[in-house]
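Working notes for the structure below.
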Amino acid sequence: MIVITDSNIIISALIKPSGAIAKIFKSKSQIQFFAPDFLLEELNNHLDIIEANSPLAAKKNGIKIEIDFLKSKIKFVPIDKIPKKYILEAFEIVKDIDVDDTFFVALNCYKHWKIWTCDAALLKGLKSKGLDICVSTSDVRKSLYLK
């Protein structure tokens, strides 16, 4: 299984390092995680929220170590490698949902991999447009047990 990892997935894994999402990253699964490199910018933009809510903040360099681990599990696609037509198409799709999701949807348009997200507004907005391009944590977890 290949999934595009949304920013909220990484933020959740950092806030709950023993939670279901973090466990998926720590499993020895065959899941391949991809993300536009924009995810790194999003992570920096939300670092204060992570630091305020993560038990990792109590450990010296705890958040940095966990971020480095998560980054090692994800293959980042530079946004300048996503053809412009897919970025424009994605912008049209998400402009009334959340423009910060443009590059994740653009990567989906380009590669046709599902987006792993917990973003209820994105899920609802995409479904209202007839798009079934996301997977839930439950879906991803189920794939861990497939043979």
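Just so you know, these numbers come straight off a predicted model, no measurement behind them.
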Using every non-hydrogen atom in the two residues, find where [X] and [Y] come nearest and quote the distance to one decimal.
X	Y	value
Ser54	Leu14	OG-O, 2.6 Å
Cys109	Glu89	SG-OE2, 3.6 Å
Ile79	Pro36	CG2-CB, 3.9 Å
Glu92	Lys95	OE1-NZ, 2.8 Å
Ile87	Ala106	CA-CB, 3.8 Å
Phe103	Ile82	O-CD1, 4.1 Å

If I take atom [atom1] from residue [X] and atom [atom2] from residue [Y], how far apart are they, to the nearest 0.5 angstrom?
X	Y	atom1	atom2	value
Ile9	Ile115	CD1	CD1	11.0 Å
Lys85	Tyr110	NZ	OH	10.0 Å
His112	Ile133	NE2	CD1	11.0 Å
Glu51	Ile49	CD	CD1	10.5 Å
Asp132	Leu123	CG	CG	10.0 Å
Ser27	Arg141	OG	CZ	11.0 Å

With a 4.5 Å cut-off on side-chain heavy atoms, are Asp37 and Lys81 touching?
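They are not in side-chain contact.
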For residues Ser143 and Ser29, determine if any side-chain heavy atom of one lies less than 4.5 Å from a side-chain heavy atom of the other.
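They are not in contact (no side-chain heavy atoms under 4.5 Å apart), so the answer is no.
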Kindly assign one of parallel, tilted or perpendicular to the pair Phe38 and Phe104, based on the angle between their ring planes and the thresholds 30° and 60°.
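Rings of Phe38 and Phe104: perpendicular, as their planes differ by over 60°.
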Under the criterion side-chain contact (heavy atoms from CB on, under 4.5 Å), which of [options] is the partner of [X]?
X	options	result
Val3	Ile74, Ile24, Asn108, Val135	Val135
Thr102	Val99, Asp100, Val105	Val99
Ile50	Leu43, Ile67, Ile10, Leu56	Leu43

Quick one: which of Thr137, Thr5, Asp6 gives a side chain to side chain donor-acceptor pair (under 3.5 Å) with Thr117?
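Considering Thr137, Thr5, Asp6, a side chain to side chain donor-acceptor pair (under 3.5 Å) with Thr117 is found only for Asp6.
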Please confirm whether the backbone N or O of [Y] pairs with a side-chain atom of [X], one donor and one acceptor, at under 3.5 Å?
X	Y	answer
Lys124	Asp119	no
Asp68	Ile65	no
Asn53	Ile15	no

Would you kindly confirm whether Phe91 and Leu126 end up in one hydrophobic cluster when ILVMFWY residues are joined by side chain heavy atoms under 4.5 Å apart?
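They do not share one cluster, since no chain of ILVMFWY contacts under 4.5 Å joins Phe91 to Leu126.
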Val94 and Leu88: same hydrophobic cluster, using ILVMFWY side-chain contacts below 4.5 Å?
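Looking at the clustering, Leu88 is in a separate group from Val94.
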Checking side-chain contact (heavy atoms from CB on, under 4.5 Å) for the pair Asp96/Lys129: CA distance, chi angles, key distance, verdict?
CA-CA 11 Å; Asp96 59 346; Lys129 295 175 184 226; 2.7 Å; yes
Do the ring centers of Phe33 and Phe25 come within less than 6.0 Å of each other?
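Yes, the ring of Phe33 comes within the 6.0 Å limit of the ring of Phe25, centre to centre.
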Leu47 and Ile63: side-chain contact (heavy atoms from CB on, under 4.5 Å), yes or no, with the steps?
CA-CA 9 Å; Leu47 204 50; Ile63 292 174; 4.2 Å; yes
Within 6.0 angstrom of [X] [atom1], more than 12 heavy atoms from elsewhere:
X	atom1	result
Lys26	NZ	yes
Lys59	NZ	no
Lys16	NZ	no

